[in-house]
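Read through the structure below, which is laid out as structure tokens, and then see the notes.
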Amino acid sequence: MSDIKITLPDGSIRNYPAGTTGLAIAQSISEGLARVALSIEVNGEIRDLNRPILSDSSIRIFTWNDKGGKYAFWHSSAHLFAEALEALYPGVKFGIGPPIDNGFYYDVDLGDKTFGEDDLAKVEAKMSELAKKNSVFVRRDVPKAEAIAYFEKKGDPYKIELLRDLADGSITFYEQGNFTDLCRGPHIPHTGLIKAVKLLNVAGAYWRGDEKNKMLTRVYGITFPKQKELEEYLIMIEEAKKRDHRKLGKELELFAFSEKVGMGLPLWLPKGTVLRERLEQFMRKAQIRAGYDPVVTPHIGAKQLYVTSGHYEKYGKDSFQPIHTPDAGEEFLLKPMNCPHHCEIYKVKPRSYKDLPIRLAEFGTVYRYEQSGELHGLTRVRGFTQDDAHIFCRPDQVKGEFIKVIDLVLHVFKSLGFENYTAQVSLRDPANKEKYIGEDSLWDKAEREIQEAADERGLKTVAVKGEAAFYGPKLDFMVKDALGRSWQLGTIQVDYQLPKRFELEYVGSDNQKHQPVMIHRAPFGSMERFIAVLIEHCAGNFPIWLSPEQVAVLPISERFNEYAEKVIQELKNQDIRGFLDDRDEKIGRKIRDAEVKKVPYMLIVGEKEAQEGAVSVRRHGAGDQGTLSLAAFVGQFLTENSMPVTA
RNA sequence: GCCGAGGUAGCUCAGGGGUAGAGCAGCUGAUUCGUAAUCAGCAGGUCGUGAGUUCAAAUCUCAUUCUCGGCUCCA
């Protein structure tokens with residue numbers, strides 16, 4: 001057999017007999033690598049380690065440290081799960097079982113059986129038992145007819161449905177132990193590598209993601225090559241749960257919900273309101289600098305307004321229903337969007353090309369009837385406030401304006417320490433054009449403009465089809481919460497449709513009427529969601545300028561309350577948000593309580609401080625900072641307290 | 001909206017057919033204290049809501065509501 005040339009990632013080239021395997025290559029490099037190798041990338045395609053390599057190739061061997069390795073590991077774990085499930089509950093029908101960012105899931109049809117906590121433990125145990133058998137994952141090409149026959153005999157209708165969409169000749173089976181699955185692979189060499197198994201939760205999931213289909217049972221799980229890594233992962237999850245904004249929001253008294261008020265309708269408590277208003281001030285300032293004009297519009301609008309905008313047709317039936325008045329036929333809608341109102345502001349007078357761009361900004365509270373199962377803390381609510389603005393500009397200004405908005409969004413993210421965001425270009429789904437309004441040419445134009453603007457600012461973007469708004473494409477800034485769920489914060493949208501529907505116009509230099517273009521944008525997105533993610537991002541330890549309670553003044557004993565009062569009064573005179581803890585408690589207790597409340601600064605005052613006009617400074621999480629004169633502390637604090645401003 | 005799991009004091013949770021418990025928080029008193037919890041006492045719940053089974057329901061059944069985990073949706 002002739003030799004083939006294998007190019008390694010470092011560029012070196014080695015000769016191997018044709019038909020060698022990834023495992024053999026790994027072994028030739030080092031036994032250690034062979035032990036931890038999970039999959040191999042051959043000319044860009046990730047494959048099994050034991051699949052023969054027939055021609056010259058560049059390869060990269062993946063281990064647990066590579067995404068490609070983890071995916072193969074978790075994909076194989078899904079198969080192991082299926083094998084265990086089938087062993088325990090014969091007759092289970094299988095859907096799909098892919099690897100995901102953290103583990104894997106498998107969608108299964110258990111018939112009448114409900115699957116609970118006890119079952120998870122049972123299947124977990126079975127998986128561990130089967131893993132120890134070191135079953136090899138065997139890949140096999142299968143003709144389509146044979147594949148269908150196999151699953152018909154087995155009684156797996158979902159697999160047959162999947163097979164119908166696959167071309168004959170491209171179908172492979174993987175078999176390990178007593179389980180055979182339709183699968184493209186790749187898989188790890190054998191089940192014995194899976195040393196730690198945890199099934200995390202059970203959920204419902206529609207077959208093929210379509211709510212018209214049957215709901216299957218989805219079991220999420222994760223596995224590791226070492227028991228210790230599983231333990232670390234579980235600890236990490238526990239830690240993440242501590243950052244959950246719903247938990248911290250309660251503990252820090254930022255917001256609350258009440259069944260009596262209604263689900264999904266947040267109540268902002270005093271401390272949460274301070275935080276929220278600080279953010280609002282920050283945005284107002286940035287927007288004034290960027291040339292926006294603040295406006296205010298009512299919370300309701302006549303139904304016809306939304307019929308004109310198209311929102312009524314699109315969302316009317318599954319939304320808050322119209323408000324009726326004593327006048328027959330008169331109907332108002334709670335505003336679900338601010339844009340129609342802003343369009344009418346644009347229309348109050350004729351506009352010249354010289355007036356554009358016009359940037360109308362409003363912290364507009366909107367109401368949307370989200371599906372009950374969708375509500376989630378502050379991230380998904382039925383009443384929320386957008387830091388909304390609409391830019392009305394000439395076609396030649398679109399890109400420039402778009403870029404300016406990108407800069408504003410990036411300024412916001414940078415000021416608040418959001419570094420891990422994804423810039424998502426949300427395009428329409430070409431397969432479902434009826435979901436959108438407007439001509440193809442304008443959509444293409446808008447989509448192009450967004451991509452160009454993002455490129456011009458050097459944003460690394462991910463394009464996702466089907467995520468556009470019904471009237472136009474978007475650039476969405478996605479950020480993950482503590483538990484890894486992705487949320488849309490900032491959004492920028494180019495819109496050629498509403499100007500048309502509202503018959504917006506301006507007089508050009510040619511003395512002719514033209515249609516402006518609208519850019520919808522909200523850097524925070526919604527105050528509620530932004531704050532939710534912010535809370536999780538900083539684990540409730542807000543930057544000083546946002547902190548609801550900035551300074552706790554803690555007298556050593558009642559004898560120093562009088563001096564403490566003077567200190568707190570001075571802080572208030574300087575617009576510093578402080579409070580006095582004059583409870584009859586020991587200083588250790590007062591410090592503990594302030595630490596738990598995540599108050600950034602504690603000023604401890606006793607005999608010495610009272611005499612010297614000083615304060616003993618303690619920083620949250622950092623401990624004793626020594627003693628300063630009150631004036632020196634105030635000076636230092638005010639410097640640190642400044643709100644970030646646009647460069 | 002769909003599938004599944006839950007709801008016991010302000011918070012975190014135990015109890016699981018015989019009429020409710022802990023810790024923290026709260027209140028009262030004592031203590032006057034130097035960098036993450038002083039001590040003692042008191043008070044606090046129609047066990048989410050409504051029906052049903054039962055001599056008896058927080059506990060079993062059903063319905064309903066809200067919460068949680070996903071799915072679908074997200075202007």
Side-chain angles (χ1 to χ4, degrees), chain A residues 105 107 110 114-117 119 200-220 241 244 246-247 250-251 253 256-260 262-264 306 309-316 318-319 335-340 366 368-377 379-382 386 388 426 437 467-472 474 476 483 485 487-488 491 493 495 498 520 526 529 554-561 584-596 602-609 616-627:
Chain A
Y105 68 79
D107 285 347
L110 293 152
T114 53
F115 202 77
E117 293 284 314
D119 299 290
L200 298 162
N201 48 48
V202 190
Y206 298 109
W207 168 238
R208 306 201 117 182
D210 189 333
E211 62 182 324
K212 292 182 202 79
N213 288 340
K214 180 168 180 180
M215 185 160 267
L216 306 180
T217 302
R218 174 171 295 179
V219 179
Y220 285 89
K241 281 183 183 161
D244 190 317
R246 292 166 297 188
K247 185 175 163 63
K250 197 182 274 180
E251 285 170 6
E253 298 180 8
F257 289 90
S258 148
E259 270 190 49
K260 259 190 182 135
M263 60 204 284
Y306 302 100
S309 70
H311 289 101
Y312 187 80
E313 194 198 338
K314 181 84 182 161
Y315 298 103
D318 26 55
S319 194
K335 80 173 164 186
M337 284 296 286
N338 303 301
C339 25
V366 297
R368 298 176 184 178
Y369 189 80
E370 305 290 358
Q371 295 182 40
S372 60
E374 272 314 324
L375 301 176
H376 183 100
T379 50
R380 196 78 187 271
V381 287
R382 285 180 170 167
Q386 297 176 312
D388 207 1
S426 300
I437 57 172
E467 289 295 309
F470 73 93
Y471 50 76
K474 309 188 285 178
D476 293 324
L483 292 168
R485 291 175 287 224
W487 299 97
Q488 176 207 299
T491 179
Q493 314 169 3
D495 179 7
L498 284 193
H520 308 239
S526 91
R529 181 178 289 177
L554 313 178
I556 297 282
S557 82
E558 235 169 64
R559 296 197 290 130
F560 312 107
N561 282 357
D584 183 11
E585 291 289 351
K586 302 207 327 204
I587 193 65
R589 174 53 177 275
K590 294 183 185 181
I591 287 170
R592 186 190 141 76
D593 288 349
E595 288 280 353
V596 168
M602 286 149 272
L603 300 182
I604 290 134
V605 295
E607 179 116 48
K608 202 166 61 137
E609 290 79 7
S616 173
V617 181
R618 186 188 163 98
R619 187 78 168 85
H620 169 72
D624 195 349
Q625 307 288 297
T627 304

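The sequence lines fix the lettering, A, B, ..., with proteins before strands; numbering per chain opens at 1.
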Could you go through nucleotides 3-12 of chain B and list every protein N or O atom that sits under 3.5 Å from one of its N or O atoms, giving the distance for each pair?
| residue | atom | partner | partner atom | Å |
| --- | --- | --- | --- | --- |
| B/C3 | O2 | A/G204 | N | 3.1 |

Considering only nitrogen or oxygen atoms on both sides, find all protein atoms under 3.5 Å from nucleotides 73-75 of chain B and state each distance.
| residue | atom | partner | partner atom | Å |
| --- | --- | --- | --- | --- |
| B/C73 | O2 | A/R380 | NH2 | 2.8 |
| B/C73 | N3 | A/E374 | OE2 | 3.4 |
| B/C73 | N3 | A/R380 | NH1 | 3.0 |
| B/C74 | N1 | A/R380 | NH2 | 3.4 |
| B/C74 | O2 | A/R380 | NE | 3.2 |
| B/C74 | O2 | A/R380 | NH1 | 3.2 |
| B/C74 | O2 | A/R380 | NH2 | 3.1 |
| B/A75 | O4' | A/Y315 | OH | 3.2 |
| B/A75 | O2' | A/H311 | NE2 | 3.3 |

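Under the 4.5 Å side-chain criterion, counting only non-hydrogen atoms from C-beta, A/F560 is not in contact with A/K608. A 4.5 Å side-chain heavy-atom check between A/M602 and A/K590 finds every atom pair outside the cut-off. No side-chain heavy atom of A/K474 sits under 4.5 Å from any side-chain heavy atom of A/E467. When side chains are defined from C-beta on, A/V366 counts as touching A/Q386, because their heavy atoms get closer than 4.5 Å.
No side-chain donor-acceptor contact under 3.5 Å links A/K214 to the backbone of A/W207. Proximity of a side-chain donor or acceptor of A/R382 to a complementary backbone N or O of A/E370 within less than 3.5 Å is detected.
Rounded to an integer number of Å, the gap from A/K608 NZ to B/C33 P is 16 Å. With rounding to whole Å, A/E251 atom CD is found 12 Å from B/C24 atom C1'. For the pair A/M602 CE and B/G34 C1', the computed distance is 14 Å after rounding to whole Å.
Nucleotide B/C74 has no partner under the Watson-Crick or G-U criteria, as no pair reaches both atom distances under 3.5 Å. B/C47 is unpaired under the criterion used here, namely a Watson-Crick or G-U wobble arrangement in which both key atom distances are under 3.5 Å. In this structure, B/G17 makes no Watson-Crick or G-U wobble pair, since no nucleotide meets both defining distances under 3.5 angstrom. Across all strands shown, B/G69 pairs with B/C3; the Watson-Crick or G-U wobble distances both stay below 3.5 Å. Within the shown strands, nothing qualifies as a pairing partner of B/G34 under the Watson-Crick or G-U definition with both distances less than 3.5 Å. B/C60 and B/G52 make up a base pair, with Watson-Crick or G-U wobble contacts both under 3.5 Å. In this structure B/C27 sits in a base pair with B/G41, meeting the Watson-Crick or G-U test at under 3.5 Å.
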Exercise for review: Heavy atoms under 4.0 Å is the rule here; annotate nucleotides 35-41 of chain B 5' to 3' with B where the base is hit, S where only the sugar-phosphate is, and - elsewhere.
Suggested key: BBBB---

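Residues satisfying the side-chain contact (heavy atoms from CB on, under 4.5 Å) criterion with A/Y206, sequence neighbours excluded, are A/E211, A/M215. The side chain to side chain donor-acceptor pair (under 3.5 Å) check on A/Y315 picks up nothing, with sequence neighbours excluded. The side chain to side chain donor-acceptor pair (under 3.5 Å) check on A/T379 picks up nothing, with sequence neighbours excluded.
Annotation: A/Q625, atom CD; neighbour count of heavy atoms from other residues, nucleotides and ligands within 6.0 Å is above 12.
For the pair A/H376 and B/G69, the criterion of a side-chain N or O lying under 4.0 Å from OP1 or OP2 is met.
Comparing B/U38 with B/A25, their P atoms are spaced 9 Å from each other, to the whole Å. The gap from the P atom of B/G69 to that of B/U54 amounts to 40 Å, rounded to the nearest Å. Separating the P atom of B/C60 from that of B/G18 is a span of 11 Å, rounded to the nearest Å. B/G34 and B/U28 have their P atoms separated by 25 Å, given to the nearest Å. Separating the P atom of B/G15 from that of B/A22 is a span of 15 Å, rounded to the nearest Å. Spacing between B/U61 and B/G23 at atom C1', rounded to whole Å, works out to 34 Å.
Among the protein residues, A/R382 comes within range of no part of the nucleic acid, since none of its heavy atoms lies under 4.0 Å from any strand. Backbone-only engagement by A/Y220 is indicated by non-hydrogen atom pairs under 4.0 Å involving sugar-phosphate atoms exclusively.
The two residues A/P340 and A/Y306 come nearest to each other via the heavy atoms CG-CE2, 3.9 Å.
For the side-chain contact (heavy atoms from CB on, under 4.5 Å) criterion with A/T217, the lone passing option out of A/D107, A/D119, A/L110 is A/L110.
Side-chain atoms of A/Y206 and base atoms of B/G1 include a donor and an acceptor less than 3.5 Å apart.
Checked for salt-bridge contact, A/D210 and A/R208 miss the test: no charged N lies under 4.0 Å from a carboxylate O.
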